[in-house]
Structure formats: structure tokens, C-alpha cells
2 protein chains.
Amino acid sequence: MYVGRMQLTRERIVAAAADLIEREGVTAISMRRIAADLGCAAMSLYNYVPSKEALLDAVAEYVMSGIQVEVAPDADWQDQVRAQARAFRQIARAHPRCTMVVVSRPNRSAAALRPIEQALGTLVSAGFGGADSIQVVRTFIAYVMGSLLREVGVAPSLTLPDELVHPDRTAGTGSPDPAEFPLLNSLANELRHRDHDADFEFGLDLLVRAVAELRPGTTTGTS
Amino acid sequence: MYVGRMQLTRERIVAAAADLIEREGVTAISMRRIAADLGCAAMSLYNYVPSKEALLDAVAEYVMSGIQVEVAPDADWQDQVRAQARAFRQIARAHPRCTMVVVSRPNRSAAALRPIEQALGTLVSAGFGGADSIQVVRTFIAYVMGSLLREVGVAPSLTLPDELVHPDRTAGTGSPDPAEFPLLNSLANELRHRDHDADFEFGLDLLVRAVAELRPGTTTGTS
DNA sequence: ACCTGAACACCGTTCAAGT
DNA sequence: ACCTGAACACCGTTCAAGT
């Protein structure tokens, strides 16, 4: 997709890279290919970006900067945490094929730190100590990252193929050997049907409720 | 690392690839490089493996097959779930640089399905319904995958650099702008100190306890 | 200051020729 | 049946030459 003559800038290069990834996948991108989309020589990119790795970092930052947390400011901390986790997950909707880029590179840009600072703020305001807040946020990040990986279909995950004949199975299903995997087989129907929203909300709810039990002075705690 | 003359096999090729990744990182591997380690021509590999992608899939499968769940068979379901999650996480210890390969490609091999079947078995035996068991396992997978990503230091995560002078900060710390990130700054010490075991156990405990509350007939539930 | 062609040292993979 | 060199169509990046 040739996007025409125009002043070359870092922003345009990053946007072109993100676009190309979205259209053709991460494996398709190369400095030469991006340059072609921008109508310039491959080497021109190096006036704005030191390397391909740095460009991918910039793509990750660009995607992260699109996270929009909208919370009713009077919402309680549990709803705020939920909203923040959901906003993070929106990456998979907004940039499905860039998600892997985001998830697979460390990112300490302000765009990445902003949602984290916000989450810490929510927890500290809710009465959690600093150390607890950090561990809670780390737990949520791990859960959200893992959910993103599953959602873009790139990680090992608990699903079965939709149809497809498994080469060495007699039955026409993609189910694994019933002798070794009885449960995967008996649950095959449930496994084939996948609802990313429901899956995400299920785990999110578990985590939020468990965190609530942790909070000093909670009304629903067991002790 | 030249590993000498020997009958070329698929297993030797996969092991050589995993080894090379462990020694020099994923970006270092190429069919030519692996072949050099094996003392054969690059093209010889194609007699055993259809493509580089397929070889990386095989590496992921190889790593997954190393998962060893050891549970006291009389342990209750909560301890079993914990042991299973921990076994999964051991990947990061056993194959730190292959972890990204595992986490970044779908894997429906028997080696990958086995721990999943086992986890489902634990939950179903504990009295959870099939649909619930699936969602619980999916939640744990997401959490473990995200934890692996953090542990191998490859994902966006809640940490600060250990030292390193941030170029445009006056203070000699790597802390972000205190005006925009007050909490990240005030918690800088706690953030710099990281304990992967403690982090993992923290979130694992939250999840297990939340799942326990979910179980019909639980003794610690709120309703 | 920014752009660029040619060049270097690599890739994955095909193919035809070897044994 | 397995191996392999040469070749093809690519890579990222350096450098010197252009404006």
C-alpha cells in the first residue's frame, strides 16, 4: 500500500510499520517493505530510526499509547481495576497482529508506564499498601498479557481446532486420542466454542474478588 | 558449538536448535547456523523438517515435553493445581531463552495437551463442572503464560531498570519523571527489587483461593 | 541535513546433481 | 534414501556519494 509522497517523519514511519504488520503480519515486515509503502529508499528510514529493533519498539509504544481507560470517576476501586484491565485488553481488538509485538518486547516508555501508574493509584487509594499494590498490578499484568496471547491465537491455549481432519485419526474430528485425552474428548464441544470476552471476564472476576478479600477492612473477607 | 559427526535425526536437529537458542538467543538461529553445529549442510535439515517454522514448533513441543508435574497423589485439588502451575513455570528456569518460542506459537502437540488434560482432571475430580473447569484452566494458562513472559524479561512489566542513567533525568536513577509518575517514583525501591518466585506465588494464591470460593460445597465460601 | 544506490554479509528455500 | 553445492530472491545495515 503506497501512501504517497510527503515529508518523512518518525511518526509516519512507525504508523506505516504498524499498518503493514496489521495488513500482512509481523513476519512480512522489512525495512525495504516499509520504505516501499512510504515511497522512499530503505536507507532513508535510518535517518529517523536507528534500527529495525528500535522501530518495533516504537510500534509497541505506539500501540500502548492507544490505551484509553474510561472510568466513571465515582466508581469504586474494583470497577476501576476492571476497566483498566479491559482497556489493556482492547489492544487485541484495535491491533490484533501488532499484539505480539507489544507483548514480546520490554517497554518502559511513558505510554507503557501511564496505565501502570494509574493502576497503582487506584489500589493505593483503595487502601492497599505499596508492596501489595505492586504485586497485585503484576498479577493483573501477567493475566492480561496471557489473555492477549490467547486471544490473538498465538500461544499454547486450551482449545481444539474447529474442524480439520487430524491426519492420523480415523474419526473426522480434530480431537486428540480419546485413550490418552478422555476429558479433552468428552469436552470437545465446549472447547471448540470459544468466547474471548467471557473467558477474559471469568478470570478477571476471579482476580478482582480475590484481591478484594486481601484488602484490610474488606466486608466480604473470610477472617 | 560443533557436535560432531553422527546420524542426522529429527531429534538431534531439534535439540541442536534448542541448544543454540539457549546459548545465543532466538534471533541468532538460522538453518545454516544449526547445520554448522551439526556438521552438515543447511539443506540436509530439510530431509527431517519441512521448514524453519516447523522446526521452531518442534522446539516448543520439545520444551513442553519436559514439564514434570510431581504431586503427592493424596494432595487435595488446590495443592495439585498449584503444583501443575509451578511445573509449567519451570520452563522459564529450564529453558529461559526458549520460553519466548514456547509462548509465541500455538501448540497442539500431545506434549502440550498432556498437562492440560491433567489439570482438567484435577478440577473435574474436585467437583467442578466441565464448562467451569475449562474456564478455570484457561485462566491459569493465561496467568502462567503472562508470568513466563515477565520472568524472561521480554514483556512489558512493572519494574524499573536496576541502575542506568536515564539520559534526560538529572538524578542518576532510572526512575521516570516524578511529576507524571509519582507512585512509580515513591515505590522505586520496591520496584527495583524483584522476586519472581514471590510474584508468581502471590498471583497463584489469589487465583487458587478465588477458584476455591467458586466450588460448590466449599467450606470457605461467602454464600 | 536529508536522501540514496551499490555493496556486504547474511537469510530460507528450490532444484538438480550427486552417492 | 539421504546428502549437498549452486542459485534465487530476499534480508539489515554500512558507506560513500549525491543534493
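Here is the naming used below: chain letters follow the sequence lines, and residue numbers restart at 1 for every chain.
Between atom CZ of residue A:R138 and atom OG of residue B:S147 there is a gap of 11.5 Å, rounded to the nearest 0.5 Å. Annotation: the span from A:L158 atom CG to B:Q135 atom CD amounts to 10.0 Å, rounded to 0.5 Å. Separating the OG atom in B:S133 from the CG atom in A:L187 is a distance of 7.5 Å, to the nearest 0.5 Å.
Closest non-hydrogen pair, B:M145 versus A:G146, comes out as CB-CA, 4.2 Å.
Inspection of the A:T159 and B:R108 side chains reveals an N or O donor paired with an N or O acceptor under 3.5 Å.
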Audit row: A:S65, A:R114, side chain to side chain donor-acceptor pair (under 3.5 Å) steps and yes/no: CA-CA 9 Å; A:S65 73; A:R114 222 164 277 132; over 6 Å; no
Distances under 3.5 Å only, N/O to N/O: pair up the protein atoms with those of nucleotides 13-15 of chain D.
residue, atom, partner, partner atom, Å
D:dT13, OP2, A:Y46, OH, 2.6
D:dT13, OP2, A:K52, N, 3.0
D:dT13, O5', A:Y46, OH, 3.4

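Between B:R33 atom CZ and D:dC11 atom P there is a gap of 23 Å when expressed in whole angstrom units. In this structure, CG of B:L38 is placed 15 Å from C1' of D:dC2, rounded to the nearest angstrom. Computed from coordinates, the A:E24 CD to D:dC10 P distance equals 13 Å when rounded to whole Å. Atoms CZ (A:R12) and P (C:dC2) sit 15 Å apart, rounded to a whole Å. Note: CG (B:N47) to P (C:dG12) measures 16 Å, nearest angstrom.
Set against C:dC3, D:dC2, C:dG5, the side chain of A:A41 has C:dG5 as its closest nucleotide. Of all nucleotides listed (C:dC11, C:dC2, D:dC3), C:dC11 comes nearest to the side chain of B:S30.
Residue-environment remark: CZ (A:R23) exceeds the threshold of 12 foreign heavy atoms within 6.0 Å.
Residues A:L207 and B:Y143 have side chains not in contact (no heavy-atom distance under 4.5 Å, counting atoms from C-beta outward).
Of the options A:L149, A:V152, A:I21, A:V154, a side-chain contact (heavy atoms from CB on, under 4.5 Å) to A:T99 is made by A:V152 and by none of the others.
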Intra- and interstrand pairs of DNA chain C - dot-bracket, Watson-Crick/G-U under 3.5 Å, | marks other strand: ||.|||||...|||||.||
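Residue B:Y48 places at least one side-chain N or O under 4.0 Å from the OP1 or OP2 atom of D:dC3.
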